[in-house]
A.B. asks: 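Okay, here's the structure, questions in a sec.
The shown structure was predicted, so the numbers you read here are calculated from the model rather than taken from an experiment. The chains referred to below are lettered A, B, ... by the order of the sequence lines, with proteins before strands, and numbering in each begins at 1.
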Number of protein chains: 2
Amino acid sequence: MNIIDESGILAISTRLQRLSEQLRKDGALVYKSYGIDFEPKWFPVIYTLYHKDTLSVVEIANEIGYTHPSTISLLKELEKQKLIRSKKDKIDERKRLIQLTPKGQEMIEEMKPVWEVMKNALTEITNNQNNLLKAIEEAENKILHQSFLQRALQLKSEGEE
Amino acid sequence: MNIIDESGILAISTRLQRLSEQLRKDGALVYKSYGIDFEPKWFPVIYTLYHKDTLSVVEIANEIGYTHPSTISLLKELEKQKLIRSKKDKIDERKRLIQLTPKGQEMIEEMKPVWEVMKNALTEITNNQNNLLKAIEEAENKILHQSFLQRALQLKSEGEE
DNA sequence: CAAAACTACGTAGTTAAATACATAAATAAA
DNA sequence: TTTATTTATGTATTTAACTACGTAGTTTTG
C-alpha cells in the first residue's frame, strides 16, 4: 500500500475525489458501449428535469447542488444537444424556464436500461460491510449538523484549555 | 430531500465529489485558523516526502495517485514556498530527486497538532454505522478486482442472453 | 411611490485536475 | 554498436468545477 492510503482519514478528500473520477470515467464508457451519446456530468440536470418537468436555472442549480454558473454551462451543452429547451417566464421576466425536449425524453427512455445496469454494477461495488452510499449520507448529515471546520475549531479550543 | 440525493446510487460520483470538495475547503480554513500557510492539496506530496525522504517526480506521482503533470505543478508551488528542493540524480540523469527543505520539515512539525485535530474531527464525521473510510477501501478493492465498466458490460451481456 | 435591497441570470477569469504531445536519457535488442 | 523501445520529465491544452462581478427585473421599506 502507498503512503497516502496509509495516512488514513487525513487523505480522505483525495480518495473521495479519486473514486468519483474513476466512476465518472467508466460511466462515460458504459453509455458509449450502448451507443448513447451522453456524458455522465449531464445526469444530474437531466434526471432532475425528468422528475420536475419545468424549472428555472437557479432551481436546477439548487437541486443538483452546483453553483448557477456551472449549471448554466451544463445547460448550454444540453441545449446544443437539443435535449432541453428554455423559455422566458411570463410572470417573472428574469427567469428562464427549462424543460426536456421530446428528443430529451426519448433519450431518457433509451437510457433507462443503462441506468438499471449501472445501478446494479454500482451496488455490487458499494454495498459491502460498510455501505458507501449510506456512509456518505451519514457523513453528509453530520456535516449538516456541524461542519468539519466547526468541529476542528471546537477540538482546537478544547485542546487549548 | 432533492431529486439527486433521491436518485441514490446513480449520482454517487457527484456526491463523492461534493463531499470531497467540502472537506478540502474546510481543511484550508483549519490551517488558516492556526496561522499556517498551507493548502490541503499539498498534503499528499508533503506527507509522502515526510515518510520517504527522497523520491523522483514519477515516484511521487505514483504514491499520491496523480498524473505526473499534476504532480509537477504541485512541486512547482511547493518549490516556490521553499518547502521542497530538488537535485539531479547522479546515476540517472533524467531523474529529479525531491526532498523536503528544513523549512518544510519545520512546517510539518507545526502541522502535526493540526493534523491530530483534523483526524479527530474527520473521525467524528466519517465513523458512523457505515464507516466512510472503510467503505471507500472496500469499494476500491472491488474495483481493483473488476472495474465498474467491466461489471456493467458483464451485466449488460447477461441481460442480452 | 421612490429608494434600497434582493433575486435571477449571465460573463469573465481562476483553479486543480486531466490528456496529448515532445524530448532526452537509459535500456534492450538486432 | 547502432537502432528501437522504454522511462522520466516537461509543456501546452482541455475540462469541469469554482468565485467575483455586473445587470436587469422584483420585492420591500421609509
A.B. asks: How many Å lie between CZ on B/Arg18 and P on D/dA16, as a whole number?
C.D. replies: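 Rounded to whole Å, this separation is 18 Å.
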
A.B. asks: Between B/Ser70 and C/dA18, is there a side-chain N or O to OP1/OP2 distance below 4.0 Å?
C.D. replies: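 Result: yes.
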
A.B. asks: Nearest nucleotide by nearest heavy atom, which residue falls closer to the 5' end of DNA chain D, A/Arg24 or A/Glu93?
C.D. replies: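 Nearest-nucleotide comparison on DNA chain D picks A/Arg24.
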
A.B. asks: In this structure, are over 12 heavy atoms from other groups packed under 6.0 Å from B/Glu158 atom CD?
C.D. replies: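 It does: B/Glu158 CD has more than 12 such atoms within range.
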
A.B. asks: Quick one: B/Leu55 CG to D/dT9 P, roughly how many Å, whole number?
C.D. replies: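 Roughly 10 Å, once rounded to whole Å.
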
A.B. asks: Would you mind reading off the distance between B/Ile64 atom CD1 and C/dA16 atom P, rounded to a whole angstrom?
C.D. replies: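 Spelled out: CD1 on B/Ile64 to P on C/dA16 is 14 Å.
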
A.B. asks: Got a salt bridge between B/Glu124 and A/Lys142, using NZ or NE/NH1/NH2 to carboxylate O under 4.0 Å?
C.D. replies: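 So B/Glu124 does not pair with A/Lys142 through a salt bridge.
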
A.B. asks: Let me know the distance between CG of A/Asp89 and P of D/dT26, rounded to the nearest Å.
C.D. replies: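 Interatomic distance, CG of A/Asp89 to P of D/dT26: 9 Å.
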
A.B. asks: Could you state the CD-P distance from B/Gln22 to D/dA17, rounded to the nearest angstrom?
C.D. replies: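 Rounded to the whole Å, the gap is 15 Å.
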
A.B. asks: Taking everything shown except A/Lys103 itself, do over 12 heavy atoms lie less than 6.0 Å from its NZ?
C.D. replies: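 Result for NZ/A/Lys103: enclosed.
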
A.B. asks: Can you check the A/Gln17 CD to C/dA16 P distance for me, whole Å?
C.D. replies: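 In whole Å, C/dA16 P lies 11 Å from A/Gln17 CD.
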
A.B. asks: Taking atom CD as the centre, does B/Glu109 end up with more than 12 heavy-atom neighbours from other residues, nucleotides or ligands that are less than 6.0 angstrom away?
C.D. replies: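 Yes, because the 6.0 Å sphere around CD of B/Glu109 holds more than 12 heavy atoms from other groups.
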
A.B. asks: Which word best sums up how the rings of A/Tyr47 and A/His51 line up, parallel for under 30°, tilted for 30 to 60°, or perpendicular for over 60°?
C.D. replies: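 Answer is tilted, since the angle falls between 30° and 60°.
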
A.B. asks: To the nearest angstrom, how far is B/Tyr66 atom OH from C/dA16 atom P?
C.D. replies: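 Rounded to the whole Å, the gap is 10 Å.
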
A.B. asks: Toward the 5' end of DNA chain C, which comes first, A/Lys25 or B/Lys41, by nearest nucleotide?
C.D. replies: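 Final value for this comparison: B/Lys41.
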
A.B. asks: Who are the ring pair (Phe, Tyr, Trp, His ring centres under 6.0 Å) partners of A/Tyr66, not counting sequence neighbours?
C.D. replies: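 Partners of A/Tyr66 by the ring pair (Phe, Tyr, Trp, His ring centres under 6.0 Å) criterion come out as none, since no residue qualifies.
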
A.B. asks: If I take atom CG in residue B/Asn62 and atom P in nucleotide D/dT7, what distance separates them, rounded to the nearest angstrom?
C.D. replies: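 Result: 12 Å.
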
A.B. asks: At under 4.0 Å between heavy atoms, which parts of nucleotides 3-13 of chain C does protein reach? Answer with one letter per nucleotide, 5' to 3': B base, S sugar-phosphate only, - none.
C.D. replies: ----BSBBB--

A.B. asks: Would you mind classifying the nucleic acid contact of B/Ile98 as base, sugar-phosphate or nothing, using non-hydrogen atoms under 4.0 angstrom?
C.D. replies: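 No contact.
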
A.B. asks: Taking OP1 and OP2 of D/dC18, is either one under 4.0 Å from a side-chain nitrogen or oxygen of A/Thr67?
C.D. replies: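 Yes, A/Thr67 has a side-chain N/O under 4.0 Å of OP1/OP2 on D/dC18.
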
A.B. asks: Tell me if the NZ atom of B/Lys112 is crowded by more than 12 foreign heavy atoms within 6.0 Å.
C.D. replies: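 Buried by this count: over 12 neighbours within 6.0 Å.
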
